[in-house]
Amino acid sequence: GDTMSTTIQWLLDQTSLGEFTLLAGEGGLGNRISGVNIMDNPDTIRWLQPGELILTTGYLFQQDSQLRNRIIAALAERGCSGLGFVLKRYFDDIPPAMRKDAEDLGFPVLSVPYDLSHANVGWMIHQHIFEDGMSETERLTTMYKRFTEGLSRESGVDGMIADIVAVAGCPVMVLDEQFSVVGFDAAGFDGMASLFNLAEGAPAFSRQITRNIAEAIRAQRPVRIKQGLAGRDGVVHFMVFPVYDEATVLGYLCLGETARELGTFDHQFVQTIQPLLAVQLLRRMTHARMHADSQNDFM
């Protein structure tokens, strides 16, 4: 199949999530994953959809040997793509009957890294499925939903930065209206700390760069700035996007072009989440103002 499609083999190749290993059922490595579901009781079986990767801690197989003996056949019959076991929690290895069925039916059984949440595995797989076969509008809609959920969870600017990194896969900085650092995530790019002064509240760029950005933004041009890597040859580009509330600039979102050049999708993505980031920055300002007011009252 094509290398991008979301298969069991693709999942096994994902080192970013820790080590997924194949325990049995090599014949089904090409199975396409259409989604993720969690199995925490036997009744779940009838709700499972074709193509779903089923995640379980194995707790329900501990007592129930009948379920243990028929589960692989039942999942294969429903057309599920595989079973992911969080080993070490209740089992050190899969029971022999399950292993035999998995081998006979070519139904993959994987071990899932112990410290990974089901939500992490699910989000990563879904993200890949979108990129695999979704139009940009659909991808943006789905991401918008994830980001609005983040707002209601009150995960704050840092939670939003983590979500942006998950989608864009590049270093992300959020600055306030004075170009001071509110939060950042280097997204695995180790040159970032030496490149910028990344303490919270510190100015991110030199005065000259700050002036250039402010001018370009007044002229409503997107800004690509260059920062030389400290102590190395090379330059990193950052795209700087203003975050507005109506006409007021509340701050800036900076995406680093360390892994790839940003394209139209990234620009659309930033436009899509811009209002949500504005809400986070407004919340932050309000908290800061309330804190200052209460300190003044106390004085």
Side-chain angles (χ1 to χ4, degrees), residues 3-6 10-11 13-18 20 33-36 53 116-175 181-192 196 198 204 222-225 236-244 250-281 283-284:
T3 51
M4 268 303 283
S5 68
T6 312
W10 169 84
L11 187 62
D13 294 339
Q14 294 313 298
T15 49
S16 58
L17 272 186
F20 283 85
I33 305 173
S34 65
V36 178
L53 172 69
L116 258 194
S117 77
H118 286 161
N120 274 3
V121 179
W123 167 239
M124 182 182 141
I125 288 172
H126 283 132
Q127 192 192 348
H128 192 264
I129 291 166
F130 301 147
E131 286 165 10
D132 194 18
M134 252 195 175
S135 77
E136 296 208 330
T137 318
E138 288 171 313
R139 280 169 65 194
L140 288 168
T141 312
T142 316
M143 286 189 289
Y144 188 77
K145 188 167 164 291
R146 175 179 163 88
F147 281 88
T148 41
E149 282 165 4
L151 266 188
S152 55
R153 281 197 311 272
E154 300 224 3
S155 58
V157 176
D158 286 341
M160 191 152 180
I161 288 173
D163 281 350
I164 296 171
V165 167
V167 172
C170 64
V172 173
M173 288 193 289
V174 173
L175 313 178
V181 176
V182 172
F184 68 93
D185 184 328
F189 175 68
D190 57 354
M192 200 155 149
F196 299 101
L198 285 180
V223 190
R224 183 182 261 118
I225 56 156
V236 173
H237 291 143
F238 264 81
M239 286 297 286
V240 181
F241 302 90
V243 180
Y244 291 103
L250 301 174
Y252 300 88
L253 172 63
C254 310
L255 302 184
E257 296 184 309
T258 53
R260 59 186 176 83
E261 198 166 302
L262 300 181
T264 48
F265 178 76
D266 302 285
H267 289 257
Q268 286 176 310
F269 165 58
V270 170
Q271 279 181 328
T272 305
I273 60 167
Q274 201 276 140
L276 303 175
L277 186 52
V279 173
Q280 295 283 24
L281 289 173
R283 268 189 191 166
R284 188 175 167 274

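Note: hydrogens, waters and symmetry copies are ignored here, and every other heavy atom, side chains too, is used.
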### Query
Rounded to the nearest 0.5 Å, what separation is found between the OG1 atom of Thr6 and the CG atom of Leu53?
11.5 Å
### Query
Shortest non-hydrogen contact from Cys254 to Leu175?
SG-CD1, 3.7 Å
### side-chain contact (heavy atoms from CB on, under 4.5 Å) partners for Gln271, two or more places apart
none
### Query
Arg284 versus Val182: any side-chain heavy-atom pair under 4.5 Å?
yes
### Summary
Smallest heavy-atom separation, Pro171 atom then Ala186 atom, equals CG-O, 3.5 Å
### Task
Taking all non-hydrogen atoms of both residues into account, name the closest pair between Phe184 and Ile161 and its distance.
N-CD1, 3.7 Å
### Task
Under the side-chain contact (heavy atoms from CB on, under 4.5 Å) rule, what do Leu277 and Val270 come out as? Steps first, then yes or no, please.
CA-CA 9 Å; Leu277 186 52; Val270 170; over 6 Å; no
#### Entry: Validation row: Arg224, Glu257 side chains within 4.5 angstrom (heavy atoms)
yes
### Task
Compare every heavy atom of Ile273 with every heavy atom of Met160, then report the nearest pair and how far apart it is.
CE-O, 3.8 Å
### Message
Under the salt bridge (Lys or Arg N to Asp or Glu O under 4.0 Å) definition, can you give me all pairs with a residue in residues 265-274, not counting sequence neighbours?
### Response
Arg260-Asp266
### Task
Would you indicate whether the side-chain heavy atoms of Gln274 and Tyr244 approach each other to under 4.5 Å?
yes
### Message
For a 4.5 angstrom cut-off between non-hydrogen side-chain atoms, does Tyr252 reach Met173?
### Response
no
### Query
Going by heavy atoms in the side chains, are Phe269 and Ile164 under 4.5 Å from each other?
yes
## Note on the structure
Minimal heavy-atom distance between Leu250 and Ala278, with the atoms involved, is CD1-O, 3.6 Å
### Shortest non-hydrogen contact from Leu255 toward Cys170
CB-SG, 4.0 Å
